[in-house]
> 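One structure is given below, represented as structure tokens, and several questions about it will come after.
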Amino acid sequence: MRRARARARANIALAKYWGKADDARNLPAVPSVSITLDPLVTETIVTFDDALASDRFELDGEPAREAEVKRVTKLLDEVRAKAGISTRARVVSENHFPTAAGLASSASGFAALAGAAGLAAGLDETPAMLSARARRASASAARSIYGGFVELGAGGDDELSARQIAGPEHWDLRVVVAVTAEGRKAVGSRDAMGETRASSVYYPAWVDASKAIAPRVAAAIAARDIEALLPLVEQSFFAMHAVAMTASPSILYWQPGSVAALSTIRRMREAGVPVAPTMDAGPHVKAICLSDDADRIAAELAETDGVLRTIVARPGAGIELEKV
Ligand code: PMV
């Protein structure tokens with residue numbers, strides 16, 4: 001038996017990825033920039049075991065659903081082909097997120113799987129190779145291979161991988177997560193992106209705008225310029241959700257609690273607190289801010305109608321791998 005363990009963290013995009021340049025190769029249509037987040041860790045153990053007739057995938061103590069097992073098998077097939085083996089694997093994955101954060105994310109999961117599977121199969125790979133593998137499964141996962149501040153380009157080829165802009169120690173930003181609902185999102189991001197590209201009249205404008213915003217976000221991070229960063233974060237977020245909302249049928253992730261949290265953030269911003277909102281393909285709102293302001297932003301969000309709880313996250317490390 002060959003076994004390895006990986007720990008990888010979730011990430012939040014400050015310049016959003018939404019839409020594919022190539023569906024089959026899972027290449028993004030737009031560049032994105034993110035922060036890898038502590039304490040949102042997924043731990044995954046992969047064991048290649050000759051006694052198995054098929055791949056097994058257990059997520060948070062339960063057998064995963066068939067569609068999830070298929071995505072895992074697709075990634076494992078890539079690893080098996082590269083390593084020249086046909087052995088099936090047992091994958092046990094746990095999200096060590098603060099209790100029921102409602103944040104379970106494909107990014108940390110596929111990053112951890114890409115790393116653990118390669119090491120368990122005996123491959124000796126660079127972070128860029130792991131990032132490209134994770135990206136083929138879920139583009140945002142490419143960014144979780146690296147710690148701190150990370151960018152992923154658009155288009156490219158099968159080897160497209162993310163790149164670190166700066167390590168976690170570069171800038172003491174905080175991400176205050178306002179959890180606004182329990183359970184899974186209604187439309188998965190893959191289908192939603194496809195519907196957006198096929199039907200939103202704003203899709204070409206979104207692609208153009210994103211190509212301009214992402215390098216400016218990367219530059220603001222490199223310069224630790226909060227006043228430059230925050231309006232770009234807000235613009236990328238609203239543009240992504242606007243293009244999704246204007247798909248037909250419309251894709252709307254916002255819940256009443258999301259809107260309430262957005263107005264709390266706007267009120268604080270107008271009162272002079274440097275803070276900007278962002279949201280992914282779900283109802284939770286994330287406030288991007290400086291460490292000194294995180295506690296009072298969390299306190300105001302916790303008081304907001306429809307906000308169930310808050311989590312304060314910070315820049316975290318890249319993937320950690322070991323043979324076990
Ligand atoms: O990697 P996916 O297919 O789960 O896409 C996620 C896209 C967003 O989270 C909404 C934005 C991003 O860049 O992470």
Side-chain angles (χ1 to χ4, degrees), residues 8-37 40 42 67-68 71-72 74-75 95 101-114 131-146 149-154 160-163 165 175 177 184-197 200 203 206-207 209-211 213-214 217-218 221 232-245 247 251-254 258 277-286 288 313:
R9 288 159 186 77
N11 70 73
I12 180 79
L14 303 184
K16 298 295 185 189
Y17 147 61
W18 194 256
K20 296 181 198 299
D22 182 323
D23 293 321
R25 290 187 298 165
N26 204 37
L27 294 167
V30 301
S32 55
V33 179
S34 60
I35 312 179
T36 302
L37 296 176
L40 310 181
T42 299
E68 289 165 340
R71 278 178 86 182
V72 165
K74 187 162 178 262
L75 187 153
N95 289 315
L103 287 169
S105 127
S106 64
S108 51
F110 280 110
L113 178 64
S131 176
R133 175 179 304 137
R135 193 264 309 146
R136 291 189 282 270
S138 165
S140 59
R143 302 186 308 241
S144 279
I145 296 294
Y146 299 95
F149 302 86
V150 183
E151 66 186 0
L152 175 65
L160 176 74
S161 62
R163 191 186 77 84
I165 298 169
V175 179
V177 182
R184 302 181 69 85
K185 60 194 175 208
V187 190
S189 54
R190 185 168 293 244
D191 290 344
M193 286 179 200
E195 286 164 22
T196 303
R197 184 181 64 189
S200 172
Y203 187 74
W206 155 253
V207 172
S210 302
K211 287 179 178 166
I213 292 170
V217 168
I221 289 169
L232 295 167
V233 169
E234 186 181 78
Q235 193 182 15
S236 175
F237 147 59
F238 277 114
M240 179 204 125
H241 282 262
V243 76
M245 281 179 203
I251 297 154
L252 180 61
Y253 291 108
W254 299 11
S258 325
T278 190
M279 292 173 66
D280 288 327
H284 313 304
V285 174
K286 288 103 175 182
I288 311 300

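Throughout, numbering of the chain's residues begins at 1 and tracks the sequence. Note that ligands are numbered from 1 as they come in the structure, with each ligand's atoms numbered from 1 the same way.
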> Taking D23 as the fixed residue, which of R190, R197, R136 is the one that meets the salt bridge (charged side-chain N to carboxylate O under 4.0 Å, His left out) rule?
R197
> Classify the ring geometry of H241 against W254: parallel below 30°, tilted from 30° to 60°, perpendicular beyond 60°.
tilted
> Say you draw a straight line from CE of M240 to CE of M193; how long is it, rounded to the nearest 0.5 Å?
7.5 Å
> For S138, which part has a heavy atom under 4.0 Å from ligand 1: side chain, backbone, both, or neither?
both
> Select the closest option to atom 12 (C) of ligand 1 among R143, K20, M193, R135, judged by heavy-atom distance.
R143
> Tell me every residue that passes side-chain hydrogen bond (donor to acceptor under 3.5 Å, both in side chains) with R135, counting only those two or more places apart in sequence or in another chain.
none
> Just to be sure I read this right, does ligand 1 sit under 4.0 Å from the backbone of S189, its side chain, both, or neither, counting only heavy atoms?
side chain
> Examine S106 against ligand 1 and note whether any of their N/O atoms are separated by less than 3.5 Å.
yes
> Should N11 be counted as touching ligand 1, given the test is an N or O pair under 3.5 Å?
no
> Check ligand 1 against A281 and write out every atom of the ligand that is under 4.0 Å from a heavy-atom position of the residue.
10 (C)
> Nearest 0.5 Å please: distance from the CD1 atom of I35 over to the CD1 atom of I12.
8.0 Å
> With atoms numbered from 1 as shown, which atoms in ligand 1 lie under 4.0 angstrom from a non-hydrogen atom of A139?
1 (O)
> Within ligand 1, which atoms have a heavy atom of W18 less than 4.0 Å away?
10 (C)
> Which residues satisfy the side-chain hydrogen bond (donor to acceptor under 3.5 Å, both in side chains) test with S161, sequence neighbours excluded?
none
> Is there a donor-acceptor contact under 3.5 Å linking the side chains of W18 and T196?
yes
> Would you please say whether a donor-acceptor pair under 3.5 Å links the side chains of T42 and N95?
yes
> So if I count the atoms of ligand 1 from 1 in the order they appear, which ones are less than 4.0 Å from some heavy atom of M240?
10 (C)
> Under a 4.0 angstrom heavy-atom cut-off, which atoms of ligand 1 come close to A13?
12 (C), 13 (O), 14 (O)
> Have a look at ligand 1 and work out which part of R190, if any, has a heavy atom under 4.0 Å from it: side chain, backbone, both or neither.
neither
